[in-house]
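Have a look at the structure below before the remarks.
Counting begins at 1 with the first residue of the sequence. Note that ligands are numbered from 1 as they come in the structure, with each ligand's atoms numbered from 1 the same way.
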Amino acid sequence: MEEEDSHRGLAYRLPANKVPRTLKYVAVDGRLVAESARIWRNRSGEIVLDRTHVMGVLNVTPDSFSDGGRYSAPEAAIQRALEISEQGASILDIGGESTRPGSAMVPAEEEWRRVDPVLQPVVRKIDIPISIDTRKPEIAEKALERGAAIVNDVSGLSDPRMVRVISRVRAGVVVMHMQGDPMTMQKAPQYADVVGEVRGFLAGRVEAALKDGVERHAIAVDPGVGFGKSVEHNLALLRNLDAIAALGHPVIVGVSRKSFIARLGGSERMEDRLAGSVAAATLAVAHGAHVIRAHDVAETVRAMRVADAILASRQDDGGL
Ligand code: HH2
């Protein structure tokens with residue numbers, strides 16, 4: 001076993017030809033579809049999907065469900081951004097609006113007032129790409145002007161102006177699925193076939209983005225765990241992520257500290273949700289996720305290294 005110094009510290013480096021993904025081609029509706037994504041391009045370069053990447057969460061909000069208020073002061077937020085980068089995240093996701101269940105939309109001026117003082121200093125200080133977690137094209141546009149590289153849109157590009165903002169500057173994008181809107185989405189989420197419907201929605205939004213000039217390799221997809229989904233819906237999506245990965249785009253999954261983790265893990269306390277979050281992330285990766293969005297960056301990065309090594313060793317066995 002070869003151990004190497006990575007710039008984040010000592011880490012086992014997977015041999016380059018051993019991509020720890022579980023699928024190359026998969027059958028969906030009786031036909032073989034695209035190879036699992038290998039790169040994700042953004043404005044500042046590309047992320048090679050030869051290992052699992054962690055997207056570290058930085059909420060500069062007073063009311064986010066797990067860390068609201070903790071990083072609303074710009075100095076605290078900038079400090080946390082540096083930590084997230086040092087802990088091995090591949091992407092920093094900055095958000096100025098909570099989309100937790102029951103939340104109302106924040107006016108654009110207020111959202112920008114929260115993000116603006118943090119974004120530029122952080123762009124200067126860290127070298128990982130920054131994504132802006134927003135549903136508003138005007139926020140995305142300003143953030144991209146200030147150096148963000150990716151737009152993370154939990155509304156799945158519902159505002160047609162968003163696609164133009166992204167394609168104009170060749171930004172990366174996360175297209176996420178949500179049923180309804182944050183205010184009401186958890187009241188009574190309903191699907192006849194949650195996996196098929198989420199996959200169909202994402203495929204449609206990807207097609208629309210491509211038509212409007214967004215580059216294929218810039219588009220990642222996210223099933224939107226907890227966004228208009230019951231515990232059972234979340235479990236079905238996590239178990240069947242390979243059907244989403246078969247779209248041929250990088251798959252992002254955000255399970256970190258979400259309420260289904262509390263329900264299944266047996267404790268509502270925020271500080272008790274780490275183990276369940278890592279368990280869910282690990283299985284998501286085994287089912288085809290490429291990027292894990294997480295609050296607990298150091299722990300998730302370490303766990304994903306182990307998960308990747310196990311998945312890669314399966315290829316050594318001829319297990320594919
Ligand atoms: N989850 C949250 C926010 N943004 N983006 C993507 N792509 N995927 C997710 O699962 C996702 C997301 C919710 O988490 P958080 O940002 O911590 O909470 P809040 O919305 O309360 O700020």
Within the 4.0 Å heavy-atom shell around [X], which atoms of ligand 1 are there?
{"X": "N152", "answer": "5 (N), 6 (C), 7 (N)"}
{"X": "R100", "answer": "20 (O), 21 (O)"}
{"X": "G254", "answer": "10 (O)"}
{"X": "V154", "answer": "4 (N), 5 (N), 12 (C)"}
{"X": "S64", "answer": "19 (P), 21 (O), 22 (O)"}
{"X": "V174", "answer": "7 (N)"}

- Query: Would you say K258 touches ligand 1, if touching means a heavy atom closer than 4.0 Å?
  - Reply: yes
- Check if H295 has a non-hydrogen atom at a distance under 4.0 Å from any atom of ligand 1. yes
- F65, any N or O under 3.5 Å of ligand 1 N or O: yes
- Query: Does any N or O atom in D67 lie less than 3.5 angstrom from one in ligand 1, N or O only?
  - Reply: no
- For the residue pair D212 and S167, confirm or rule out a side-chain donor-acceptor distance under 3.5 Å. no
Looking at [Y] and [X], is there a salt bridge between them, counting it only when a charged N and a carboxylate O are closer than 4.0 Å?
{"X": "E110", "Y": "R114", "result": "yes"}
{"X": "R100", "Y": "D63", "result": "yes"}
{"X": "R161", "Y": "E141", "result": "no"}
{"X": "R302", "Y": "E299", "result": "no"}
{"X": "R273", "Y": "D296", "result": "no"}
{"X": "D272", "Y": "R269", "result": "yes"}
{"X": "D153", "Y": "R205", "result": "no"}

Closest protein heavy atom (residue, atom, distance) for [atom]:
{"atom": "atom 20 (O) of ligand 1", "value": "T99 N, 2.8 Å"}
{"atom": "atom 3 (C) of ligand 1", "value": "R293 NH2, 3.3 Å"}
{"atom": "atom 21 (O) of ligand 1", "value": "S98 OG, 2.7 Å"}

- Task: For ligand 1, note which part of D133 has a heavy atom under 4.0 Å away: side chain, backbone, both or neither.
- Result: side chain
- Query: Under the 3.5 angstrom rule, does the side chain of H53 hit a backbone N or O of V48 as a donor-acceptor pair?
  - Reply: yes
- Query: Are I219 and V253 connected, step by step, through hydrophobic side chains (Ile, Leu, Val, Met, Phe, Trp, Tyr) whose heavy atoms are closer than 4.5 Å?
  - Reply: yes
- Just go through D222, I252, D93 and tell me whose heavy atom is the nearest to atom 6 (C) of ligand 1. D222
